[in-house]
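Comments concern the structure below.
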Number of protein chains: 4
Amino acid sequence: MSDNGSQASNEQVIGEQPLSGEPAARVLVAGASGFTGALAAQIVWQHPRLQLVAATSRSDAGTRLDALYPRYRVPLQLTELDLDEDPNGIDAAIVAYPHGAAAPTVAALRAAGVLVVDLSADFRLRDADTYERWYGEHGAPDLFGSGVYGLTELYREQLREAKLVATPGCYPTASVLGLAPLAERGLLTDVVVNAMQGVSGAGRGGGDAMHYAAMDENAYAYKTEGHRHRPEIEQELAALGSPAPVVFVPHLLPLDQGELASCYAQTSEPISKDEVQALYRERYRDEPFVRVVERPPGLRDLRDTNECHIYVTVEERGRVLAFSAIDNLWKGASGQGVQNLNLMLGLDETEGLR
Amino acid sequence: MSDNGSQASNEQVIGEQPLSGEPAARVLVAGASGFTGALAAQIVWQHPRLQLVAATSRSDAGTRLDALYPRYRVPLQLTELDLDEDPNGIDAAIVAYPHGAAAPTVAALRAAGVLVVDLSADFRLRDADTYERWYGEHGAPDLFGSGVYGLTELYREQLREAKLVATPGCYPTASVLGLAPLAERGLLTDVVVNAMQGVSGAGRGGGDAMHYAAMDENAYAYKTEGHRHRPEIEQELAALGSPAPVVFVPHLLPLDQGELASCYAQTSEPISKDEVQALYRERYRDEPFVRVVERPPGLRDLRDTNECHIYVTVEERGRVLAFSAIDNLWKGASGQGVQNLNLMLGLDETEGLR
Amino acid sequence: MSDNGSQASNEQVIGEQPLSGEPAARVLVAGASGFTGALAAQIVWQHPRLQLVAATSRSDAGTRLDALYPRYRVPLQLTELDLDEDPNGIDAAIVAYPHGAAAPTVAALRAAGVLVVDLSADFRLRDADTYERWYGEHGAPDLFGSGVYGLTELYREQLREAKLVATPGCYPTASVLGLAPLAERGLLTDVVVNAMQGVSGAGRGGGDAMHYAAMDENAYAYKTEGHRHRPEIEQELAALGSPAPVVFVPHLLPLDQGELASCYAQTSEPISKDEVQALYRERYRDEPFVRVVERPPGLRDLRDTNECHIYVTVEERGRVLAFSAIDNLWKGASGQGVQNLNLMLGLDETEGLR
Amino acid sequence: MSDNGSQASNEQVIGEQPLSGEPAARVLVAGASGFTGALAAQIVWQHPRLQLVAATSRSDAGTRLDALYPRYRVPLQLTELDLDEDPNGIDAAIVAYPHGAAAPTVAALRAAGVLVVDLSADFRLRDADTYERWYGEHGAPDLFGSGVYGLTELYREQLREAKLVATPGCYPTASVLGLAPLAERGLLTDVVVNAMQGVSGAGRGGGDAMHYAAMDENAYAYKTEGHRHRPEIEQELAALGSPAPVVFVPHLLPLDQGELASCYAQTSEPISKDEVQALYRERYRDEPFVRVVERPPGLRDLRDTNECHIYVTVEERGRVLAFSAIDNLWKGASGQGVQNLNLMLGLDETEGLR
């Protein structure tokens, strides 16, 4: 990402991954030159049971990943993805392509028997018309709807058997986790989600608007006329039991990693602060990465972790407020992707993510 | 604020204010060592028609204001306020004291015939019980309710005759300006205000939580169980014609100056995007400091100005969204205070504020 | 710069410049879509005596300048520069092109009799070989060496008569102002300049390295093997009387506007702290924009001003330390450019710059 | 540090440390409410072989450490240090007290047979007069000079036998590591160190000057008349073989963690870029935490790591330039403290620090 960062000299770092014993899977990361792909490669590289066999990139093939992202420590050269190559050497792939572009590659990998964790939106929606409205024609219609939605806390059992996982992005992850305990009880009748996110959520190709001089001391709402993550959030709340309309507005903040979904929920019957806090604590009691906290969470508290921190309360007029915070690159993308891959491979869900 | 900033050598800057002709008023700024008081002193110092006769501070008396705030250029020594001193030399005062502490000083200044622009909350509420619930016992009950609410765009005519003005803070200013055109039509039935503010809004005495290392890369909601600005916003929307309940949640952002109120409004009857945009443009057509803009405003766009930028639209489910941005120290405090003082003195409202 | 900022609706802001009386010159800003060109346009637009007749841009012609840079308030559409057009309507031009690209345009404007303030490096160096080594072939060799070096405090008298001014960039401006009083006495024998600058100094086209996510929480040195501003600084110190070798290393900081040159100078004879501070105060006593301050200057103190703040002292081993701070876009580029243009036009040097 | 961060509910996180087998030592962290003490507690808590038996604080006793620093995950209540208590339960202590205050506690702990890693300056200097000049009277004169200087890469063998280690702070660590290969060859004749550091280096008690609103968009030099780390750097360079005078000037940057020492060195004989780079690579070839990199290091690249990245080159006039970057809280304090403790306990030096 920077041509000014420190680059390791060749003799120092090219070397073996610090694996502990036989790897559980040989893993490809496709699209490793973007923010989420690079982090996925980093997590896999440091994972005690996964072997990173290749990191691919169209735009930066030939560059070492640790030259592009010195903050990570992956001493691999990026290569171009060649699907005609013998795929026998690959057991699983994390695909970090833009929405719309992922589907054909996912289809080819699946056809070769490779387990796929897709980080794009291509397999998240279950209604084809909705997909087409927001993203255009689908690139692998035969596979549409065949993935498991990778919000781990909601679909854990299905994920253990999944061959294709559609990992949700940061907005649905934070919003749905923040509202799930209420949705599961069928309590939600109307929801406003005011979401705020750091610039890494906009990806590497943000152009002028992502220049430090443009975002510094700045903050604003965007896509206020309708955001494609709204139908995805509504889909999941409905699946849980609350088919409520959602107003969703994203904002950009002057920080790097972090996403806060401030949720304002109307419930079909009154609920007290004590009751709703007990409900959330009970729901997430055994979750390794979700913490129900006692004060509104700060983004800094969970930066560079796979955690989700949620504070829930009831304001004076009876509206339930849930503040759900994650690191958008970790629990909102690559971290959750590996969490899902762990489940698909029969590993401990938290492996490589602490 | 900083003991590391550049301090002018004495011989260079002590000098005359750059006044153009006879001043319209000799002005005292009380509480000039806090963020809003210091800016008020700076604005008055550079104002072509106001003479800054003193800047007072309990905690920093004896210090030069430009040593405390090198970014401003006010070469005055802070003094202690002495209300027994002959007040004949003062025509007007801007009082920048904490809530609760302002009332007695305001009362004394008024008793001496001094025009007062109060930046605290002490004279903003019109219901004594509500005041007491949120702020405790009032420090000048005889004066309670006697001030004019200093949201200039709503009370301009009364402000011309006012002797005591209660200038609203940044949250009510941004929120009420963002909703006023709808409120005036009686259209509001339910409002959620998700407000976000830079750290200068927390004031100089924020303690550990305002340390750069604590706020850097951070963002969070606070006072989620109820904020004292909510009843003030409800009071003003009701006064305009829409006695709607308001859910108000403030957030802190990692930037210095800026406040964005993202307002989610339900209306009693449907309104289209074109209609609501026309309504806002019409309402604010002649306002010198309010701009109805064509995209969601960025805080950076109006930093260090007295402007309010509003973008209004309607989202897919019919909710009206209004995004109202100001600089919390300017239009949200000291700038609006001087705007009001200009009116009280019969000056052009924009004098000294461009 | 941002497609998310607030854009004024057409009917609100297109309008007249707030000129006071007959303009002293009709001014063109060429290259107004970059950081320095946009600020130059903004300063000219708000200047009481200069009329902004056009702002040009190759890449963004057709866009309104206040859509590209909402923080400024210039309601003009960017146009393509057409040198064949009748130049009679233009008295002066500020050229904000990249190094190397400016010379031909400057030559054409000069040929048409237009006064030119060039913000590039094309006319700063006085040795052709040095120019060629660092910048390549010169684009207007006939004009090479014919400009006046636009460091106002050093060349004020020549600037009053100049037709072509080569305004120095931020590094030479801060460094040379920080060392000039010693250089003029012939005291400098060896100089290290450790310079630090905000990201706006890297310009709009910084690519990946200027992404907020790349610079956030970052800082580093660059061009450590040799920087083209070193010979320019040496040229100016020699011209003042001290042909000393200079070691110059620039660094990038995670802030927007600001430049600090920390200068470590060995002198040919010992000088005490009192003496050197007196020397600096005396040298800059009458300078409207240079302030000799009593503590190391903070970049925040002079952001968005045309000032230079200098603190000078002597450390324990006798080395003179001078800390010279400017806003790189103002005194380091566009502000100084207008300061020079004021002189060329016989105006007060500070006009439009307070 | 923040009263707004997320606090874990009691039932969720109080629990066992994730130790792997029998701990190698039971460790006390004294002064755990400051920035370096809190990080030391966090590193010990997550260390597979160290048991954190207590974290003490005078100012915050009674508060849970993870309420004070939610970003860390240490679910311990801070207690007051009681030296009269039976110290048999403690094998080692990390003391994170202010300079001057540490010595008496260190002495008491040593008297009880506890291994001590001191993070203060109290045992770093070897000349009593120098200590007294910069820090005042020493609090444990009997122990003065008895510690081992904890710059691991220079004193590794002595550290294995040490009972008391004086861990250097961030400025000497970065500076001396950046210059050691030259110093060991006796090549240094004159050195300028321009050091820059994030705000966490100023500690928790920075007052007004550390308010986010004061440091945001700011940068400045400080202690320009003489800094107490200069004699420490000179002491170490002399011990290595180069008794050269050092000019040292620290600067504060608007970021949290990170320290960059830009070193400008004159050598007694010429050295080429290739030679100096080979010298550094050879010197640090086997160091687990020092990386000789191929471009100037960015602070972001090593944030939250115990690494030191060094880029060395020769500029056009023959001066050697070394850019040495660390995370000031890790390699510049607590990380290096644990690195040293590992050695004292016979553990792998990198344990708990990857």
Under-4.0 Å salt bridge between [X] and [Y]:
| X | Y | answer |
| --- | --- | --- |
| Glu217(C) | Arg300(D) | no |
| Glu234(C) | Arg230(C) | yes |
| Glu259(D) | Lys331(D) | no |

Assess the side chains of Asn328(C) and Ser200(C): does a donor N or O sit below 3.5 Å from an acceptor N or O? yes

Please identify, among [options], the residue contributing the most non-hydrogen atom pairs under 4.5 Å to chain C.
| options | result |
| --- | --- |
| Leu252(D), Val249(D), Leu253(D), Val314(D) | Val249(D) |
| Gln257(D), Glu315(D), Glu225(D) | Glu225(D) |
| Ala325(D), Gly226(D), Pro245(D) | Pro245(D) |

Close approach to chain D in residues 264-280 of chain C, criterion heavy atom under 4.5 Å: Tyr264(C), Gln266(C), Lys273(C)

With a cut-off of 6.0 Å (strictly less than), are more than 12 heavy atoms of other residues, nucleotides or ligands near CZ of Arg126(C)? yes

Which atoms of Val246(D) are under 4.5 Å from chain C, going by heavy atoms: the side chain, the backbone, both sets, or neither? backbone

Ignoring hydrogens, what is the shortest heavy-atom contact between Pro296(D) and Tyr220(C)? Give both atom names and the distance. O-CB, 4.4 Å

Considering all heavy atoms, the nearest Phe248(C)-Ser175(C) contact: CE1-OG, 4.1 Å

Kindly state whether the ring of Tyr171(C) and the ring of His227(C) have centres lying under 6.0 angstrom apart. yes

Using a 3.5 Å distance criterion without hydrogens, assess whether the side chain of Thr173(C) forms a donor-acceptor pair with backbone atoms of Gly169(C). yes

Which answer fits Tyr311(C), side chain, backbone, both or neither, if we ask what part of it has an atom under 4.5 Å from a heavy atom of chain D? side chain

Examine whether an atom of Val247(C) lies under 4.5 Å from a heavy atom of chain D, and if so say whether it belongs to the side chain, the backbone or both; otherwise answer neither. both

